[in-house]
S.K.: 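Can you keep this structure in mind? I'll have questions shortly.
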Amino acid sequence: MRYFCKMFPKYDVIVVGAGHAGCEAAAAAANLGSSVLLITMNMQNMAQMSCNPAMGGIAKGQIIREIDALGGYSGIVSDESMIQFRMLNKSKGPAMWSPRTQNDRMLFSSKWRLMLENTPNLDFYQDSVIGLSKNGNKITGVKTALGHEILAKSVVLTNGTFLNGIIHIGEKQSKGGRVAEKASVGITEQLIEWGFESSRLKTGTPPRVDGRSLDYSAMEEQKGDESISGFSFLDSKKPGKQRSCWITYTNKGVHEILKTGFKESPMFQGRIKGIGPRYCPSIEDKINRFAERERHQLFIEPEGWDTVEVYVNGFSSSLPEEVQFQALKKVPGFESVKMFRPGYAIEYDYFPPTQLKRNLETKLIQNLFFAGQINGTTGYEEAACQGLMAGINAHQSCNQQEEFILKRNEAYVGVLIDDLINKGTDEPYRMFTSRAEYRTLLRQDNADLRLTEKSFRIGLASQERMDGVIVKKNQIKEIIDILQQIKLEPSEINGFLLENSSSLVSERTKAAQILLRPGIGLQNLIERVPTVKKELNGFMETSVEQAEIQVKYQVYLQKEEELISKMSALEDQVIPDSFNYENISSLSNEARQKFKKIRPQTLGQASRISGVNPSDVQILMVYMGR
């Protein structure tokens, strides 16, 4: 029997699931002013780092900075729970720089919960959602295992790996969404009844071991950066010290032991039907696919400040636990290892994201939004940014306000969502810098300049954030103007050029021209050239860095902006929902089918659908022009 309980008012937004997507969705909708209920099966595990205790990395770090610039919480929580910070790819160009934090797993979750509990308009309830309610094609609420039917104007599903989740360790199987946590049953079946398409994916996690049993002298130490910039553009709290990670390698002996478990492998024996992440394969998949390699790198990552638990990054496995244990003992430094728990694989339901609109609302059911692994993505960062966007748009929708969309040229978040809804995915989707055609513009250092004002206009980003952006923009302009005006005498600059193996000058030269030279950095100029130091004294370090990038990469930035300008005509050309593709006989059959299925909202979106040729877009453009 279901009943409406007086303890629950009708909410604007209900968020189902309190993983990274759910937490960002709940925070965004609540901070915009919606009344929000966050429902989770276990309030002790909110924003749980189910896999590695780290945030950011290649392209993922850019996403966390974008979330922060928009007013989300992931950047602040990551900074305040970090035990190590590294800026990856620093030897390459700025478009490749990617911040990454190693985090205290328990502190990360508790910081998230504390921030959510201090967010106005946000309620919590511990229960399992087993169904949804709708009236016609419009969502009206959720149904829970305890018998409640809770009403809402919008619902955001962020179920992670819990939808009919099955955990695999060798020949052992158990139902669950995470180790020792039960699966979610009922939602998939109901959505299929409503006409949704569902499929299965797989992910996995490595063993956790006792750090006291490891011999770190047999490994390579990996320290954090001396300078910690972190993720948040606000003045978040950074640690005064850092913990090291360590690097070791598998070997032939490890591989031979792992092979003895192949006959019991759920992946090789076909018990796992879902497709796993191509870019993060299990250790057994690595040694099977790359048999010619004698070793694979492992990152040994501490789980926090006050625990001996260690995460063995690169050793994800679903082989029998005895095989995992014996193989680990052959890894250098692991000869006396004690295992806290084995690695495992988990198979779960997802819904191909071509069933979504650009705002992450489902096409079939109004005001029902999907975010995170339910859309086929992998990774905390990919989930968190979807949650943020779904939370914003759930608020916008139930308040009859314009949808909030980020384009491909505006954010990695925009690239991710555009990829999902147009191309779909049949394997866990992971973000890479190579997926972004405008990555020179979409850098981690300028996420606030790109996005904060957009978020501020809808009421999410704070006045403090907006004020910071205004100051930064003004300082960048002032620094660039000064660099264009300062003319340095040969006697003042040639000594510096000689030190940096750069050709000497024979006449007065603008500081901006000197800065264009390879190997010459603005901070170096400020420290070593008195005139530059005098003129640029007192500017924020972030403004100096940003000005240098804009001067050095001006030509490349202009090329990307010109390309964006050419494409903007397609992006701005809206295709009505009622458009009848059957009327265009000259379209290819594949293009017609794809257009009818995905219902692109703009010509730009139509041009990025897999299987659609440029000629199909031109035909569509001509027809719309008529």
Side-chain angles (χ1 to χ4, degrees), residues 19 41-42 44-54 83 102-110 160-162 165-183 202-216 243 245-246 248 250 254 257-258 260-261 264-267 271-272 276-277 280-286 296 298-331 333-348 373 378 380:
M41 288 192 284
N42 189 344
Q44 304 307 313
N45 291 334
M46 292 166 65
Q48 176 83 313
M49 294 180 127
S50 306
C51 203
N52 63 321
I83 63 175
Q102 200 68 38
N103 294 86
D104 184 307
R105 186 187 298 278
M106 291 181 287
L107 185 58
F108 183 91
S109 181
S110 64
T161 59
F162 282 77
I166 297 177
I167 292 172
H168 298 264
I169 304 175
E171 294 182 327
K172 300 174 186 176
Q173 285 186 6
S174 60
K175 293 182 178 180
R178 222 171 5 223
V179 68
E181 294 184 58
K182 64 181 182 180
K202 179 212 90 135
T203 189
T205 193
R208 310 301 199 269
V209 303
D210 188 337
R212 297 170 298 182
S213 65
L214 303 182
D215 177 11
Y216 292 103
R243 287 200 67 176
C245 294
W246 305 83
T248 187
T250 63
V254 175
I257 292 174
L258 289 170
T260 66
E264 299 172 83
S265 166
M267 182 173 66
R271 289 189 295 277
I272 293 178
C280 189
S282 64
I283 188 66
E284 56 263 34
D285 198 18
K286 288 179 189 176
H296 293 281
L298 303 177
F299 294 92
I300 312 308
E301 302 175 345
E303 296 260 345
W305 293 114
D306 304 313
T307 180
V308 297
E309 189 170 355
V310 168
Y311 179 90
V312 188
N313 193 341
F315 207 88
S316 177
S317 180
S318 60
L319 293 175
E321 53 195 297
E322 180 64 23
V323 174
Q324 295 183 38
F325 178 64
Q326 293 301 331
L328 279 175
K329 289 175 73 68
K330 293 292 185 180
V331 174
F334 278 66
E335 291 81 3
S336 302
V337 68
K338 294 180 181 179
M339 191 162 69
F340 281 172
R341 63 177 170 89
Y344 62 88
I346 182 165
E347 197 176 11
Y348 56 94
Q373 284 172 293
T378 182
Y380 309 143

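Worth saying up front: this structure is predicted, and the values here are computed from it rather than measured.
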S.K.: Are Thr378 and Cys280 close enough that some pair of their side-chain heavy atoms sits under 4.5 Å apart?
M.R.: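 Contact flag for Thr378/Cys280 side chains = no.
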
S.K.: Measuring from Tyr311:OH to Ile300:CD1, what's the distance to the nearest 0.5 Å?
M.R.: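 Between atom OH of Tyr311 and atom CD1 of Ile300 there are 10.5 Å.
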
S.K.: Looking at every heavy atom in both Val310 and Tyr216, which two are closest together, and how far apart are they?
M.R.: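 Scanning both residues, the minimum pair turns out to be CG2-OH, 3.8 Å.
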
S.K.: With Phe340, which residues qualify under ring pair (Phe, Tyr, Trp, His ring centres under 6.0 Å), at least two apart?
M.R.: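 Checked Phe340 against ring pair (Phe, Tyr, Trp, His ring centres under 6.0 Å); zero matches.
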
S.K.: If you look at every heavy atom in Lys338 and Ser213, which pair is closest and at what distance?
M.R.: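 For Lys338 versus Ser213, the nearest heavy atoms are N-OG, 3.0 Å.
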
S.K.: Enter the distance from Lys172:NZ to Ile167:CD1 here, rounded to the nearest 0.5 Å.
M.R.: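 It comes to 12.5 Å.
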
S.K.: Are the side chain of Arg178 and the backbone N or O of Gly176 linked by a donor-acceptor pair below 3.5 Å?
M.R.: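 Between the backbone of Gly176 and the side chain of Arg178 there is no qualifying donor-acceptor contact (under 3.5 Å).
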
S.K.: Between Gln48 (side chain) and Met46 (backbone), is there a donor-acceptor pair under 3.5 Å?
M.R.: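 No, because the side chain of Gln48 does not come within donor-acceptor range (under 3.5 Å) of the backbone of Met46.
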
S.K.: Does the pair Glu181 and Asn45 meet the rule for a side chain to side chain donor-acceptor pair (under 3.5 Å), with working shown?
M.R.: CA-CA 10 Å; Glu181 294 184 58; Asn45 291 334; 3.0 Å; yes

S.K.: If I compare all heavy atoms of Cys245 with all of Gln102, which pair ends up nearest, and what's the gap?
M.R.: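 That would be SG-OE1, 3.7 Å.
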
S.K.: Do you know which two heavy atoms are closest between Ser317 and Ile283, and how far apart they sit?
M.R.: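 Scanning both residues, the minimum pair turns out to be CB-CG2, 3.9 Å.
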
S.K.: For a quick test of reading the model, state the closest non-hydrogen atom pair linking Trp305 to Asp104 and the distance between them.
M.R.: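 Heavy-atom minimum between the residues: N-OD2, 2.9 Å.
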
S.K.: Look up atom OG in Ser265 and atom CG in Leu258, then write down how far apart they are to the nearest 0.5 Å.
M.R.: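 So the OG of Ser265 and the CG of Leu258 are separated by 10.5 Å.
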
S.K.: So do Phe334 and Val312 actually touch side chain to side chain, heavy atoms under 4.5 Å?
M.R.: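 Val312 vs Phe334: side chains touch.
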
S.K.: Is a side-chain donor or acceptor of Tyr380 paired with a backbone partner of Pro53 at a separation under 3.5 angstrom?
M.R.: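 No; judged by distance alone, with no hydrogens or angles, the pair does not exist.
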
S.K.: Within the distance-only criterion (no hydrogens, no angle test), does the side chain of Thr307 pair as donor or acceptor with the backbone N or O of Gly304 below 3.5 angstrom?
M.R.: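 Between the backbone of Gly304 and the side chain of Thr307 there is no qualifying donor-acceptor contact (under 3.5 Å).
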
S.K.: Enter the distance from Ile346:CD1 to Thr203:OG1 here, rounded to the nearest 0.5 Å.
M.R.: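 If I round to the nearest 0.5 Å, the distance is 8.5 Å.
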
S.K.: Quick one: pull up CD in Glu309 and CE in Met106 and give me the separation to the nearest 0.5 Å.
M.R.: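 Going from the CD atom of Glu309 to the CE atom of Met106 covers 8.0 Å.
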
S.K.: Is it true that the side chains of Glu284 and Ser318 contain a donor and an acceptor less than 3.5 Å apart?
M.R.: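 Looking only at side-chain atoms, Ser318 and Glu284 do form a donor-acceptor pair, the distance falling under 3.5 Å.
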
S.K.: Looking at Thr250 and His296, would you say the former's side chain and the latter's main chain have a donor-acceptor pair under 3.5 Å?
M.R.: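 Judged by distance alone, yes, a pair lies under 3.5 Å.
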
S.K.: As a test of understanding, state which of Ser282, Pro342, Ser50, Cys51 forms a side chain to side chain contact (heavy atoms under 4.5 Å, CB included) with Thr205.
M.R.: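 Single side chain to side chain contact (heavy atoms under 4.5 Å, CB included) partner of Thr205 among Ser282, Pro342, Ser50, Cys51: Cys51.
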
S.K.: Counting only N and O atoms by type, is there a donor-acceptor contact under 3.5 Å from the side chain of Lys329 to the main-chain atoms of Glu335?
M.R.: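 Here the side-chain-to-backbone pair exists.
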
S.K.: Gln326 versus Lys330: any side-chain heavy-atom pair under 4.5 Å?
M.R.: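 SC-SC contact between Gln326 and Lys330 ruled out.
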
S.K.: So, the side chain of Lys286 versus the backbone of Gly314: is there a donor-acceptor pair under 3.5 Å, distance only?
M.R.: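 Checked: pair present.
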
S.K.: Do Lys202 and His168 have side-chain heavy atoms sitting under 4.5 Å apart?
M.R.: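 When only atoms from C-beta onward are counted, His168 and Lys202 do not touch, as no gap falls below 4.5 Å.
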
S.K.: So how far is it from Glu347 CD to Thr161 OG1, rounded to the nearest 0.5 Å?
M.R.: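 Separation between the atoms: 11.5 Å.
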
S.K.: Verify, without hydrogens or angle tests, whether Thr260 (side chain) and Ile257 (backbone) share a donor-acceptor contact under 3.5 angstrom.
M.R.: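 Checking the backbone N and O of Ile257 against the side chain of Thr260, a donor-acceptor pair under 3.5 Å is found.
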
S.K.: Identify the heavy atoms of Asp285 and Met267 that sit nearest to each other, and give their distance.
M.R.: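 The answer is CB-CE, 3.7 Å.
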
S.K.: So does Gly343 get a backbone contact from the side chain of Gln324, meaning a donor-acceptor N/O pair under 3.5 Å?
M.R.: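 Answer holds: yes.
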
S.K.: Can you tell me if Arg271 uses its side chain to pair, donor with acceptor, with the backbone of Gly170 under 3.5 Å?
M.R.: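 A pair under 3.5 Å: yes.
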
